[in-house]
Amino acid sequence: MIRMTEPSKITSQSVPDHQPAAGGIAARARASVGPQYLSGLNPEQREAVETLDGPVLVLAGAGTGKTRVLTTRIAHILSQGRARPSEILSVTFTNKAAREMKHRLGQMLGHAVEGMPWLGTFHSIGGRILRTHAELAQLKSNFTVLDVDDQVRLLKQLLQADNIDDKRWPARMLAGLIDGWKNRGLTPSQVPSGEAAVFANGKGGKLYASYQERLKILNAADFGDLLLEDIRIFREHPDILRQYQQRFKFILVDEYQDTNVAQYLWLRLLSQAPTSFASPRVRGEVGSPGSAIARPSDPGEGDSQQAELVEAAPHPDLLSVSEARRDPASGEKEQTRHVKNICCVGDDDQSIYGWRGAEVDNILRFDHDFPGAKVIRLERNYRSTGHILAAASHLIAHNEGRLGKTLRTEDQDGEKVTVTGSWDSEEEARGIGEEIEQIQRQGDKLNEIAILVRASYQMREFEDRFVTLGLPYRVIGGPRFYERAEIRDALAYLRVINSPADDLAFERIVNTPKRGLGDATVQMLHDHARKRRIPLFEAARAVVETDELKPKARGSLRDVVAQFDRWRAQREVTSHTELAEIVLDESGYTEMWQKDRSADAAGRLENLKELVRSMEEFENLQGFLEHISLVMDRDSGADEDAVSLMTLHSAKGLEFDNVFLPGWEEGLFPSQRTLDEQGRAGLEEERRLGHVGLTRARRRAKIYFATNRRIHGTWSTTIPSRFLDELPAANVEITESKGGSAWGGTGGYGASRFDDMEAFGSTYSTPGWQRAQANRNRGGGGGGNGGRGSFEEQASSFSSQSSSPDFGSFSSRRRGPLTIEGELVAKSTGTTSEFSLSDRVFHQKFGYGRVTKIDGNKLTIAFDKAGEKKVVDSFVQRA
DNA sequence: GCATGTGACATTTTT
DNA sequence: TGTCACATGC
C-alpha cells in the first residue's frame, strides 16, 4: 500500500492511518499504558504529543499523521495522569472525524473512550452545553435544532408578515446573512448597521432580531445558536464559564484552519484558566469578531469593513476586541498568562471553507492570539510519492498568505503527475473511463480510485459514462441523510408528538401525505394561532370544533389531531422505535412512498427503515430527537468495490492510490465566481483546493483539462487553468488524451483534433499563453478581443469548426469500431442478455422503462422519465 | 387542491 | 440543459 524507504518504520508509522494494526499498538497500550504508543512517532510528532503545557499549534501538512498525533496526545495525557477522560475537551468539525478519533482511541486505550464525554463536534458539544443552561437562552432543554430548510421556511414567514417581496429579497439570502453573522459571533444588536441594512432596504437587522424571537417561541435553535448562545451565556455568567474552565484541563482542536470566529471565541473563552474571582475582564476582553477586522491579505475590503464596524457598532465587546487584536499589548498578555493547555491541529494550506465563514486568520494568527504558543510543524508526508508531493508543494508555494511548510517524503519519486488535454468534456470523461479500466485491469481496486471535481455538475458526465461502461461508482457527498425529504418528514411527525409547539414540523407534515389540507387551511390555522397566541397544533384542535372549514378539510384535520393525540398516549406504553413504525404506518406516510413509482422511492423506504433502526441507539424519543440533527451521518456504504466520485471539498481528509482531477480550466477551476467575489483571497483558496486535490493521491495523480465544456447546456471554449502553469515541469508529464485516440483513424476530425492535442501540450505554457492569462486577469473576461494569445485563438477556431460537438455528430464520423464499447460487449457478452424486447425494467438511477434494443449484454431502454439510455443489463432488474 | 406549464437559475456545504 | 419553484388552469 505504502512504500517507503525504511521498512522498519513503515508499519509502525503508516498502518494506523489506514487500518488497525493487528494486535499491535492497541494490545500493547492496553497491556501497560507505557510509552510504547510513542515509539512509532517521528521526532516532530512526538514533540506534538509530549508538549502538554501551554498553547500548542501543530501545523500538520497533508498526510503527516495529524489524527495520529491528536489521539496519541490524548492517550499520553491520560497515561501521564494529567487529566481524567472527562476533563479533556476535544473538538472536531465532522461526526466522521469524531468517530474516527474515538475509534482510534479505543484501539489504543481499550474501553477508556467510553469516558470521553467531551469528544465531539463543535456543534454537538456546543449543543450539549446549551441544553444544560437552556433557560438562560430562553429555551427549554428539549429545544429543537433547526436545519437550513426549517430556517428558510421560518424566515419566509417573517418576510411575508413584513410584506417584503421575497422575490427581490429571498429568504435564502437572509438565511445566509444571518448564518454569516452568527459565524462571526454577532448577535442582532452587534451586527454593524451598515451590514444589517443590505437586506430589504435596511430591515435585515430587525429581521434577524425577530427571527431570534421566533426561535425562542418555537423552542428551537439553529446550528449557529449552538455556539453563539454558549458564548453569550459564558459572557453573561462568569460563574458558569468558570465551571467549564475548571473542568477542561486540556483542550484539543482538530482542523483549526476551518474554525470561524464564533468557534474561535468559544474556544478562547473556554481555554482561559479559571480565575478565582469573577473576572471583571471576562466581558470586554475576551473574544473578537475577527472577520470584521481587516485581513492582512486583502487590504481594500478589510479596511472599509473595519472602519464601518468601529463606526457603526460601538459595542463594547467589539471595540475592545478589535483593539486587542490590533494591539497585542492591550491586556492580551495579561490574559494569556492564564491560557491553559490548548492544542490546535490544522493546516493553513488546506483551508478551503473560507466562503462558509472559516477564518484562515485564526490559524495564521495563533501565536498572536495565544502568545507563547509553541508551533510545531509536521512536514514528513507518509502518503504520496515524490513527484506528487513536489507538484502539490510547488503549486501551493504560489500562495502568499501562508505560514509555510515544506512537505517531504522518503518515498520514491513514483510516477509523474500527468496533465492531459481533451477536446471536450465528453472526451475527458471517455479518456478517464478508459484509464480507469486500464488501472482495473492491472489489478487495482476501484475503491482506490477517485475522481475529484470542482463543481458537482461535472459529475454528471462521469456518471453517464460509467453507466454505459458498466463501471461501478459511488457519489460521495450530496444531501446528508437527515436532509432527505423522507427523513425530515418522518422526523417532523416525531417532533410534533414530542413537542406540540413545533409549528414548523406540524406545518411540514399536515398535508403529507396529501390529505386535502392545502394552503388555505394552513393559512387559516396560522391566523387562528396568531390571534390566540397558541401553537398551530392547538389552533387545529380548536378549528375542527368550529365550522370554519369545509367539511372535507375539517374531517381530515380532525383525524390528524386525533391521530397525534393517540400517538402521544401510546408514547407512554410503547418503545420509541415501535412508536415510529406505528406513526409512519398509520399516517399513511409509508404507503405514500410504496405507491410512488419513481426511481428513488425504494431507496426512500429503505432510508426510513434505517432511521427507525438508528433510533434504537437512543434511550427514548426525546434523546433521539436531541441528537438526530447533530450526529446523523450519511451512510458511507463503502463495502462494494467502486470508483468514488466527489467534489474537491468533500475529498478533504481522504486518500486514494489513484486520483483523477478533471476540469482544470479557467472559470471552472479556479472558479470564476470565487475570483469575482473574493478576489485574490479567493484565488488562494482555489489554489489550496488544488493542493488538497493533489495531496489526496498516494501513487498517481492525473490532471485534465478540456478545450470545450458544456456549461448549462451551451458549449463554450475554455482555456487551461493557470494552476497548470504553476506546476513544476520536472514532476509533470504532458500526455495525450486517450479518449481522443479512440477515434483515431482518418479524416477531418480525428486527425486535426489529435494534432491540436499536441498543440495544447506545448502551447499552454508558452510565453504567449502566459501573456494571454495576464491580459485576461487584468481585463476581466470580456469577449474575444485581440492580444489574447495564440492558444485561445486557436481554440476558438476549433469551436467554429464544430458548433456543437455532441455525441451524435462525432459518432457519425466514426470510422473503425469504437474500442471502448466494443471491449465492453466483448468482455461479458458470452452470456446473452436475460432480457427480451419490451421487457419492463427498473434501473437504480433512471427508474422504470421498457427495453427497446438488445445488443449482447447491452440494452437500450426507453425510460419513462429519463428518456432513452444505453445500459448494461446487470444494472437493471425486471420491474 | 392538484396537475401541468413557464421562467429563472445555475459553486464549493462539516453541523 | 435540466431542475426547481411558482403560477396558471382544471
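Here the structure is a predicted model, which means the values were calculated and not measured. First the proteins, then the strands, lettered A, B, ... as listed; each starts at 1.
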- Out of B:dT15, B:dG1, B:dA10, which nucleotide sits closest to the side chain of A:Thr521? B:dG1
- Task: Output yes when at least one side-chain N/O atom of A:Ser671 is less than 4.0 Å from OP1 or OP2 of B:dT12, else no.
- Result: no
- Task: Return yes if some donor-acceptor pair links the side-chain N/O of A:Asp424 with the main-chain N/O of A:Glu426 below 3.5 Å, else return no.
- Result: yes
- A:Asp147 side chain to A:Gln151 side chain, donor-acceptor N/O pair below 3.5 angstrom: no
- Hey, does the side chain of A:Arg460 come within less than 4.0 Å of C:dG2's phosphate (OP1/OP2), counting only N and O? yes
- Between the side chain of A:His133 and the main-chain N/O of A:Ile233, is any donor-acceptor distance below 3.5 Å? no
- Query: Between A:Glu655 and A:Ala697, is there a donor-acceptor pair closer than 3.5 Å when you use the side chain of the first and the backbone of the second?
  - Reply: no
- Message: Please confirm whether the shortest side-chain N or O distance from A:Asn511 to OP1 or OP2 of B:dC2 is below 4.0 Å.
- Response: yes
- Message: Below the 4.0 Å mark, does C:dC6 have OP1 or OP2 next to a side-chain nitrogen or oxygen of A:Lys156?
- Response: yes
- Task: Could you work out which one of B:dG1, B:dT15, B:dT13 sits closest to the side chain of A:Ser650?
- Result: B:dT13
- Message: If you only use heavy atoms from C-beta on, which nucleotide in B:dT15, C:dA7, C:dG2 is closest to the side chain of A:Thr121?
- Response: B:dT15
- Shortest side-chain distance from A:Val148, nucleotide among B:dG1, B:dT15, B:dT12: B:dT15
- For the residue pair A:Asn362 and A:Thr259, confirm or rule out a side-chain donor-acceptor distance under 3.5 Å. yes
- Task: Output the single nucleotide from B:dT13, B:dG1, B:dC2 whose closest atom is nearest the side chain of A:Trp355.
- Result: B:dT13
- For DNA chain B, what are the stems built from at least three Watson-Crick or G-U pairs in a row, each pair having both distances below 3.5 Å? B:1-10 with C:1-10
- Message: Looking only at the side chains, is there a donor atom on one of A:Tyr256 and A:Asp347 sitting less than 3.5 Å from an acceptor on the other?
- Response: no
- Message: If you assign A:Arg454 and A:Asp258 each to the DNA chain B nucleotide with the nearest heavy atom, which residue ends up on the more 5' nucleotide?
- Response: A:Arg454
- Item | Short side-chain N/O contact from A:Ser456 to OP1 or OP2 of B:dT12, under 4.0 Å | yes
- Task: Taking only the side-chain heavy atoms of A:Thr94 (C-beta and beyond), determine which of B:dT15, B:dG1, C:dC6 contains the nearest atom.
- Result: B:dT15
